[in-house]
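Basis for what follows: all heavy atoms, side chains included, without hydrogens, waters or symmetry-related copies.
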Amino acid sequence: MTTIRLTNTKTRKKEVFTPIDPANVRLYVCGPTVYDRAHLGNGRPVVVFDVLFRLLRQIYGADHVTYVRNFTDVDDKINAAAQARKAAGDPRPLEDLIRERTDETIGWYHADMDALGALRPTAEPRATEWIGAMIAMIEDLIAKGHAYEAAGHVLFRVRSYRDYGALSGRSVDDMIAGARVEVAPFKEDPMDFVLWKPSDADLPGWESPWGRGRPGWHIECSAMSHELLGASFDIHAGGIDLQFPHHENEIAQSRCAHPEGGFANYWMHNEMLLVDGKKMSKSLGNFFTVRDLLDQGWPGEVIRMVYLGTHYGKPMDWTEEKAEQARDTLRKWRQLTENVEAANMPDPAVVAALANDLNTHGAIGQLHRLAAAGDVAGLKASANLLGLLTDDLADWTWRPVSGGVGTHHFEAMGIAAGPATVGTSQLKVFDLEQVEQKIAQVLTARSEARAARDYQLADQYRGKLLAAGVSVKDQPGGAVWELMPDFDPAKLEAIK
RNA sequence: GGCGGGUUGGCGGAGAGGUUACGCAGCGGAUUGCAAAUCCGUGAAGACCGGUUCGAUUCCGGUACCCGCCUCCA
């Protein structure tokens with residue numbers, strides 16, 4: 001069996017991955033807070049750990065991997081959005097407004113992550129559906145002396161957990177010295193963090209032994225991972241910015257509540273996405289969403305390929321140049337593997353690259369090797385392991401069109417054929433059949449001109465098509481056309 | 001201030017203590033009415049200073065610069 005090696009943030013070393021139970025390999029990834037569209041940075045861990053999920057399935061069997069990714073649907077930003085809507089005159093109860101907002105956001109999230117080719121996790125628990133488990137865990141922590149009630153809050157007693165800070169490599173004393181901790185008079189220690197906080201009448205809340213309130217952010221992951229994966233599981237992953245305090249606090253809660261378990265054996269953290277050298281984040285406002293890129297015409301598969309072009313442990317810039325390169329490569333590979341049956345197994349070198357701490361860039365290098373060697377079945381099977389060249393993501397390019405001159409290809413870069421089903425104004429709508437006919441007509445005229453050796457006229461036709469956004473290339477089998485992002489149906493019709 | 005990460009050829013970006021990374025772009029050639037595509041060939045690197053070593057871009061130490069976390073954040 002292939003040996004997987006992963007960089008374990010807990011030990012800061014690359015370690016051989018040994019699952020607790022090979023018949024049920026368990027992975028937990030911190031999911032989104034559902035108050036808004038996912039930005040490009042949010043998509044990175046989804047794609048990176050989707051590849052991990054696929055690799056684990058490949059090696060241990062598809063039915064032997066459990067992947068949990070949560071939805072945080074209780075959060076002050078969500079509350080604020082709902083309150084703003086209520087203030088704007090919406091008569092419905094706050095709970096309904098919140099539920100509507102989070103349902104809507106989850107729908108967006110699924111649509112956007114599906115577009116990136118990410119498989120749905122085995123389970124996607126919503127925090128609001130596990131409040132009972134959180135309350136039980138908090139009670140347990142109080143009973144064990146790791147938490148205390150104060151001023152309507154329940155706080156975790158950081159000093160009660162000896163290894164607090166081990167994951168992120170810091171000590172409680174150092175952090176207090178840094179003096180950037182929230183000072184609340186009811187805290188025993190400035191580093192203590194909230195497990196439960198009171199809700200007043202105009203905030204969502206649940207009844208609890210400490211009155212009506214809502215959970216702190218960190219407890220949900222501890223409670224849900226325990227319920228769904230147990231006190232010990234294999235891998236816990238997320239963005240590096242979650243390492244502290246979120247993951248540190250999760251460890252403290254889980255280890256203290258379930259000292260019999262080890263919580264996560266391996267911790268994996270992806271580095272950040274950068275814009276102009278700075279971390280992409282909502283607080284800085286320098287972000288764009290996955291949907292923005294999709295609407296601009298970048299296929300999800302291209303975005304996915306760009307993500308996988310950089311090792312997850314390194315910061316990554318999104319640039320149009322990278323996207324263009326990824327698009328061109330995928331286009332080539334899609335052509336090579338069109339109508340090709342994928343091999344039974346991915347190429348060993350590709351599996352080996354991924355097994356080496358998810359070296360996705362190295363794996364892509366191997367795909368280039370397979371393409372150059374003409375092993376198209378191996379290329380397809382191997383790319384599939386990376387979630388590339390899959391049928392699910394095939395929509396965007398090289399849709400074969402029958403009839404006319406030579407082989408026609410329709411490319412959907414930023415263009416919707418037929419009646420628009422995607423609700424965005426940027427997509428162009430036209431009648432594909434009519435367009436095909438017109439192009440075929442012009443190409444026929446052009447080929448007649450070429451047959452008559454009237455190259456000036458032939459080039460005029462090509463120039464006019466190009467001006468209308470139709471690129472024409474002569475290939476051995478005949479002329480091939482594709483629609484460019486600036487395709488203009490009106491200009492095409494005007495060609496004589 | 002504390003903690004962590006990074007610095008590779010024109011660009012992107014890997015592996016490996018000694019042997020061509022790879023892709024894109026460039027250059028030369030084949031092919032083509034032209035363009036595109038394709039094929040063949042090809043130049044170019046390891047922030048800086050030390051150390052270990054027969055040999056380091058790869059290991060160790062230091063310097064510089066960049067980035068992240070310490071506050072909600074993937």
Notebook entry, point to check: Think A/Lys278 has a side-chain N or O under 4.0 angstrom from the OP1 or OP2 of B/C67?
Noted result: yes
Next item on the list: For B/U42 versus B/C34, give the span between their P atoms, rounded off to a whole number of Å.
Entry: 26 Å
Notebook entry, point to check: Expressed as a whole number of Å, how far does the P atom of B/G10 sit from that of B/A44?
Noted result: 11 Å
Next item on the list: Using the six-membered ring of A/Tyr455, assess whether NZ or CZ of A/Arg450 lies under 6.0 Å from its centre and within 45 degrees of the ring axis.
Entry: no
Checklist line | Atom C1', compared across B/A16 and B/G61: separation rounded to whole Å | finding: 23 Å
Check: Think A/Lys279 has a side-chain N or O under 4.0 angstrom from the OP1 or OP2 of B/C69?
Finding: yes
Note to self: Any strand counts, and the cut-off is 3.5 Å on both contacts for Watson-Crick or G-U wobble. Which nucleotide pairs with B/G26?
What the structure shows: B/U42
Next item on the list: Taking atom P in both B/C59 and B/U7, compute the distance separating them and give it to the nearest angstrom.
Entry: 11 Å
Item checked: Nearest-Å distance once atom P is located in both B/G2 and B/U8 -> 27 Å
Margin query: Only pairs with both distances under 3.5 Å count, Watson-Crick or wobble alike; so what is the partner of B/G55 in this structure?
Written below: none
Checklist line | Spacing of A/Leu466 atom CG relative to B/A36 atom C1', expressed in whole Å | finding: 11 Å
Next item on the list: Establish, with yes or no, whether the OP1 or OP2 oxygen of B/A14 is under 4.0 angstrom from a side-chain nitrogen or oxygen of A/Lys314.
Entry: yes
Notebook entry, point to check: Paired with B/G4: which nucleotide, if any, by Watson-Crick or G-U wobble criteria at under 3.5 Å for both distances?
Noted result: B/C67
Check: Which of the following nucleotides, B/A74, B/A14, B/C67, is nearest to the side chain of A/Asp241?
Finding: B/A74
Checklist line | Polar side-chain contact A/Asp76-B/C72 base: donor and acceptor under 3.5 Å | finding: no
Item checked: G-U wobble or Watson-Crick pairing nucleotide for B/U32 (cut-off 3.5 Å, both distances) -> none
Check: Any donor-acceptor pair under 3.5 Å joining the side chain of A/Arg462 to the base of B/C34?
Finding: yes
Note to self: Once hydrogens and angles are ignored, does a donor-acceptor distance under 3.5 Å link the base of B/G15 to the side chain of A/Asn356?
What the structure shows: no
Item checked: Rounded P spacing from B/G6 to B/G62 in Å -> 15 Å
Next item on the list: Using only side-chain N and O atoms of A/Thr310, determine if any of them is under 4.0 Å from OP1 or OP2 of B/G13.
Entry: yes
Item checked: A/Phe49/A/Tyr67 aromatic ring centres below 6.0 Å -> no
Notebook entry, point to check: Between A/Lys464 and A/Asp459, does at least one N-O distance fall below 4.0 Å, as a salt bridge requires?
Noted result: no
Margin query: With a cut-off of less than 4.0 Å, is there a side-chain N or O of A/Lys332 near OP1 or OP2 of B/A37?
Written below: no
Notebook entry, point to check: A/Phe71 and A/Tyr109: aromatic ring centres closer than 6.0 Å?
Noted result: yes
Check: For A/Arg170 and B/G5, what is the distance between atoms CZ and P respectively, to the nearest whole Å?
Finding: 12 Å
Item checked: Side chain of A/Asn359 - closest among B/A14, B/G23, B/G33 -> B/A14
Notebook entry, point to check: Who is the Watson-Crick or G-U wobble partner of B/G50, with both distances under 3.5 Å?
Noted result: B/C60
Check: Is the centre of the A/His218 ring less than 6.0 Å from the centre of the A/Phe193 ring?
Finding: yes
Notebook entry, point to check: Who is the Watson-Crick or G-U wobble partner of B/A21, with both distances under 3.5 Å?
Noted result: none
Next item on the list: Output yes when A/Asp163 and A/Lys10 qualify as a salt bridge under the 4.0 Å nitrogen-oxygen rule, no when they do not.
Entry: no
Notebook entry, point to check: Does the side chain of A/Lys473 get closer than 4.0 angstrom to OP1 or OP2 of B/U32 through an N or O atom?
Noted result: no
Check: In whole angstrom, what separates A/Asp474's CG from B/U32's C1'?
Finding: 9 Å
